[in-house]
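Below you'll find the structure, written out as structure tokens, and then a few comments.
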Amino acid sequence: MSSDPDAPSDATSTPDASRSGETLLETRGLVKEFGGLVATDDVSIDVKRGERVSIIGPNGAGKSTLINLITRRLEPTRGDILFKGESIVQMEPHQVVQRGISKSFQTASIFPDLTVMENAQIAALAAEHGEFGFNFLTHRDKLTDVHELAEDTLEAVGLLDRAHNDAEDLPYGDKRRLEIGIALAAEPDLLLMDEPTAGMSPEETQATVDLIEEVKEEMGLTFVLVEHDMEIVFSISDRIVVLNRGGVIAEGTPEEIRGDPAVQEAYLGGVEL
Amino acid sequence: MSDRNTTGESSTKSDGGTVIADNTLVARWEEIREREATVVGVTAICVAIFPWLFSRAPVISDVLLGYQSLATLILIWGIFAVGFDLLLGYTGLLSFGHAAFWGGAAYAAGIVANTVSADPIVMVVAGTAFAVLLAWVLGFLSLRRGGIYFSILTLAFAQMLYYMSAAPLAFLTGGENGLTGISVTPLFGVFHLESDLPSVAGTLIGNWMYLFVGVIAVLSVAAAYRILNSPYGMVFRAIRENEQRAEFVGLNVWRYKLMAFIISGAFAGIAGSLFTIHGSYVPLQSLYWTESGEIVIMTVLGGTASLFGPILGAGLYLYVENIVSGVQQLTIPFTDIVLINDFGTYWHLLLGLVFLVVIWVAPRGIWGAVSDLRALVRRLAGGDRR
Ligand SMILES: Nc1ncnc2c1ncn2[C@@H]1O[C@H](COP(=O)(O)OP(=O)(O)OP(=O)(O)O)[C@@H](O)[C@H]1O
Ligand SMILES: [Mg+2]
């Protein structure tokens, strides 16, 4: 829609909304050890409804690990994760998705041999009909809710005209968009994105950033973004969490983070903040 | 600030993003071909004329050397293979223990026939129910592991059943001798399965046995086709393609895999029960691992991830096993020139050769080759959809 890329409107309106919002996600003293290596070190963060939080940090800081803990792909060594006030550490990954946390993978994780439309329909099926059903004798054509949601999703990520292509035939950038689409079709309350622009050309990156901006405007979605590109991070986030060696070393608004000496230290001046 | 909070109602409707209807003859044929009634109807016709073509038609049957009872057997294994492909081809799970469901159902049907009722319908229901239960238990245990470990677990469980029916359960199963003394009662109490159908039906279809098996085979194909067009068909393929992603869109992958296993077990159960009815006997070998291997070979030979490929694979396999093995001398057709003596004794070798050639020439099996051919024709005819 008419997504106005002007920064001022965000900067004034969204932080207000987030301050007043309820806590959607909360981690309490989260620890993940791989053998002797502490990949996540006593991380306690919270994300409010409607808020856009970025997680940054140097390579190996534990960003992906933290995301994987929240999605239940990894088992935490210690600590708790609360979503909508409910502990999710005992749940299976698909149960977490059903409760409203969706994830876009760091690589284009799609269903290559299915059509683009079917890729979206799979996610729409899970969103509309839950984790499982006994509908094996129901013809798919009857599931109009699934078809509509899938079509809307493809429309939103701009892939509707390629709906009947096999997903594996898409160029890489489109695969990533489809991957984001799959995550969106789950109709999440919270979207986790691990480096959504990794491996993309500058044009594809721009298209993806526009897509994220659009989603942010249209759906009022809460999301947690892991991203290396500081320009994207500073333009999109309400709040930034900086990780280093598994622990949180700084947290705050983009302005606060920009001037934080600990952050400068962690990046060793490698990135001009 | 949020003027809209759902994607559903507010997003613009699709402006004809679905298949662009082109009116070429080929496209229309494609559309008709994919309709459910067409698929089932064509299957029914093929099933109905197959025994005549195979065993009674002039010239063709003389060359093929087919016979009625083999036609029935091909359909029975065809049902087994259709169900097996739902698991192997569509869900991407290689079970090496489906003899458990085939043989288990065969025994269950036979034991019910000897103790409760030898009505063919009762036998099929009992055998299938047993196979479903067994598939539920074995699936529950085997699907805990993925990949090769899953295959080995299924193999191990099936072999356990084999050894159990060989000795400890011999009082039920007849042990090494197999289960004997089964005399199947007439269908609906009236129609003797071994007797011929009246008039034209008799010429075309043959006996009641084939009609009974044929009807169940068509119903099985219809059910499989519907499953493939249900949400399950899509979810199965999604699991095959990217299991982790399927889990992370919020699907309970484990339960869907268990359902794929149970459904394929049900098809194996239907087929196993029919096998008992057809032979009035259950050999101990029906639980042996070689049966599990045969169904894998038939399915791959015919073409995985296709509805009809596995039936063709079953047909070709059984043809080589039963007809070619009986050929004493290979002669040049319509002459007396002998090429090879004792040709039939080499049938295992020949089967291996057939398998190699098919997989080499057409990696996606017989049906894969047929689809490629069709795609070629479509392109030549100018009705390409993409
Ligand atoms: N499965 C694993 N087993 C052992 N060590 C692991 C595992 N996954 C991650 N690690 C280690 O944990 C640390 C954090 O890794 P993680 O992938 O979370 O970093 P990251 O911040 O996402 O880095 P990048 O920016 O490169 O994506 C690294 O030292 C990594 O080697
Ligand atoms: Mg990472």
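Naming: A, B, ... by sequence-line order, numbering from 1 per chain. For clarity, every value in this text was computed on a predicted model and none was experimentally measured.
S95(B) and H98(B) share a side-chain donor-acceptor pair at under 3.5 Å.
With a 4.5 angstrom heavy-atom cutoff, I263(B) touches chain A only via side-chain atoms. Using a 4.5 Å cut-off between heavy atoms, I110(A) touches chain B through its backbone atoms (N, CA, C, O) alone.
By the side chain to side chain donor-acceptor pair (under 3.5 Å) test, T23(A) is found to be paired with no residue, residues two or more places apart in sequence or in another chain being considered. Shown here are the side chain to side chain donor-acceptor pair (under 3.5 Å) partners of S104(A), two or more places apart in sequence or in another chain: E179(A).
Using a distance-only test at 3.5 Å, with no hydrogens or angles considered, no donor-acceptor pair links the side chain of R239(A) to the main chain of T253(A).
Of all heavy-atom pairs between R226(B) and T138(A), the closest is CD-C, 4.3 Å.
Of residues 246-257 of chain B, those residues lying under 4.5 Å from chain A by any heavy-atom pair are A246(B), E247(B), F248(B), V249(B), G250(B), L251(B), N252(B), R255(B), Y256(B). Interface residues of residues 81-90 of chain B toward chain A, defined by a heavy-atom distance below 4.5 Å: none.
Within the 4.5 Å cutoff, the side chain of I212(A) has heavy atoms near those of the F223(A) side chain. Taking the side chain as every heavy atom from C-beta outward, L178(A) and L154(A) approach each other to under 4.5 Å.
The pair E92(A)-R72(A) does not count as a salt bridge, with every side-chain nitrogen at least 4.0 angstrom from each carboxylate oxygen.
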